[in-house]
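Written out below as structure tokens is the structure these notes cover.
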Amino acid sequence: MAAALPTSSPVTPQRDAEFYCRDVVFQVEDVYFKVSRRPFEEDSDVFGGMFNLPQEGHPNGLEGTNDTNPIYLPGVTADEFRALLRVIFPNTSSTRTFTKEQWMSALKLADMWGFDNVRTKAATELRRLIPSHTERIRIARLFSIPGWIEPAIKELVQQDSLSAAELEMLGWATAAKLMLVRESVQFSGTCTCPCNYCSIAHGPLGHPNPANRRFHDEDQGGVWRR
């Protein structure tokens with residue numbers, strides 16, 4: 001007779017050691033977080049709208065009022081949510097030693113839930129922590145961060161070489177345009193490519209033919225941001 005397969009018992013959620021205090025209970029993975037409702041209601045477009053919805057009566061109380069009926073947040077890890085909370089509820093050292101990954105978690109959730117102030121702070125810190133121009137372009141595209149792409153393109157145009165990993169991170173369409181600019185620019189001040197995007201890297205160049213502005217105009221519509 002075959003032995004019965006062992007069955008795993010369900011994991012009992014635990015209260016977070018750092019963020020379990022007052023007001024509203026969230027469950028993220030197998031962790032309960034209890035934090036002040038106010039910043040979620042006032043600073044987040046998503047949660048502000050959710051908290052304003054009428055709730056039906058529930059035998060375990062209104063959603064988010066206790067561990068029995070928490071607000072469940074799917075698709076998020078406990079570490080990501082904890083990083084966001086450390087930015088929302090800072091103390092003297094909560095974000096001072098943040099890693100790039102923790103700021104990325106805060107940016108991801110702030111962008112997802114409409115915490116504009118957290119999003120701005122996370123983007124500012126990430127710009128300091130990410131020296132790679134290709135990675136800055138990738139993140140700027142992912143989260144629509146203004147003011148990151150053109151300076152990064154400028155640096156890449158002037159960079160001696162680009163690795164295969166950098167080209168892949170840029171995406172082949174952008175990489176092809178970038179290589180066209182790099183090969184076409186003559187540092188004497190003339191440019192043989194049709195885009196004049198190289199003016200970002202080398203200063204304004206002449207346009208002997210108005211049609212030469214085509215790629216430059218395309219960039220104003222977001223071609224380089226794809």
Side-chain angles (χ1 to χ4, degrees), residues 75-77 79-81 83-84 87 95 97-226:
V76 177
T77 70
D79 285 341
E80 288 174 336
F81 193 61
L84 175 69
V87 183
T95 62
T97 59
F98 253 30
T99 63
K100 181 185 80 172
E101 288 70 26
Q102 288 173 308
W103 280 118
M104 282 297 299
S105 295
L107 175 61
K108 170 188 169 183
L109 300 191
D111 186 72
M112 182 189 303
W113 292 329
F115 285 97
D116 291 339
N117 290 338
V118 175
R119 185 181 186 278
T120 299
K121 181 173 179 58
T124 300
E125 294 296 329
L126 284 167
R127 186 162 192 167
R128 178 179 60 85
L129 292 170
I130 299 175
S132 167
H133 302 298
T134 51
E135 188 173 4
R136 285 185 183 180
I137 291 172
R138 180 185 68 83
I139 293 172
R141 287 170 168 169
L142 186 61
F143 296 107
S144 300
I145 302 175
W148 279 32
I149 291 180
E150 288 193 2
I153 289 289
K154 174 180 177 179
E155 295 297 330
L156 290 177
V157 167
Q158 299 180 84
Q159 190 170 302
D160 289 339
S161 62
L162 295 173
S163 68
E166 287 177 313
L167 293 173
E168 185 174 1
M169 187 179 293
L170 285 171
W172 297 115
T174 297
K177 292 177 184 293
L178 183 62
M179 295 307 293
L180 174 64
V181 172
R182 285 167 59 88
E183 292 175 2
S184 299
V185 170
Q186 300 173 4
F187 288 89
S188 61
T190 60
C191 177
T192 60
C193 74
C195 69
N196 208 42
Y197 198 85
C198 43
S199 62
I200 292 173
H202 307 292
L205 300 174
H207 288 286
N209 187 333
N212 288 350
R213 293 188 58 87
R214 180 170 56 86
F215 283 179
H216 174 76
D217 292 339
E218 286 177 355
D219 177 64
Q220 306 311 306
V223 170
W224 286 84
R225 292 166 173 77
R226 293 175 186 170

Report the distance from atom CG of Asp111 to atom CE of Met104, rounding to the nearest 0.5 Å.
10.0 Å
Which value, rounded to the nearest 0.5 Å, describes the distance between Gln158 atom CD and His133 atom NE2?
9.5 Å
Would the number of heavy atoms belonging to other residues, nucleotides or ligands and lying under 6.0 Å from CD of Glu101 be above 12?
yes
Set of residues satisfying side-chain contact (heavy atoms from CB on, under 4.5 Å) with respect to Ser144, sequence neighbours excluded
Arg119
Would Gln102 and Thr99 count as a side-chain contact (heavy atoms from CB on, under 4.5 Å) if you check the C-alpha gap in whole Å, the side-chain angles of each, and the deciding distance to 0.1 Å?
CA-CA 5 Å; Gln102 288 173 308; Thr99 63; 3.5 Å; yes
Ion pair check, Glu135 and Lys100, cut-off under 4.0 Å:
yes
Considering only heavy atoms from C-beta outward, does the side chain of Val87 approach that of Phe115 to under 4.5 Å?
no
Less than 4.5 Å apart, any side-chain heavy atom of Ile137 and any of Trp148?
no
How far apart are the closest heavy atoms of Ala106 and Leu84, and which atoms are they?
O-CD1, 4.1 Å
Shortest non-hydrogen pair, Ala140 vs Ile149, comes out as CB-CG1, 3.8 Å
Just wondering, do Leu107 and Ile139 contact through their side chains at under 4.5 Å, heavy atoms?
yes
How many angstroms lie between CE in Met112 and NZ in Lys108, if you round to the nearest 0.5 Å?
5.0 Å
Return the OG1 to CG distance between Thr134 and Leu162, rounded to the nearest 0.5 Å.
8.0 Å
How many angstroms lie between atom OG of Ser132 and atom CZ of Arg138, to the nearest 0.5 angstrom?
9.0 Å
Once side-chain contact (heavy atoms from CB on, under 4.5 Å) is applied, do any residues pair with Asp79, and if so which ones, sequence neighbours excluded?
Thr77, Arg82
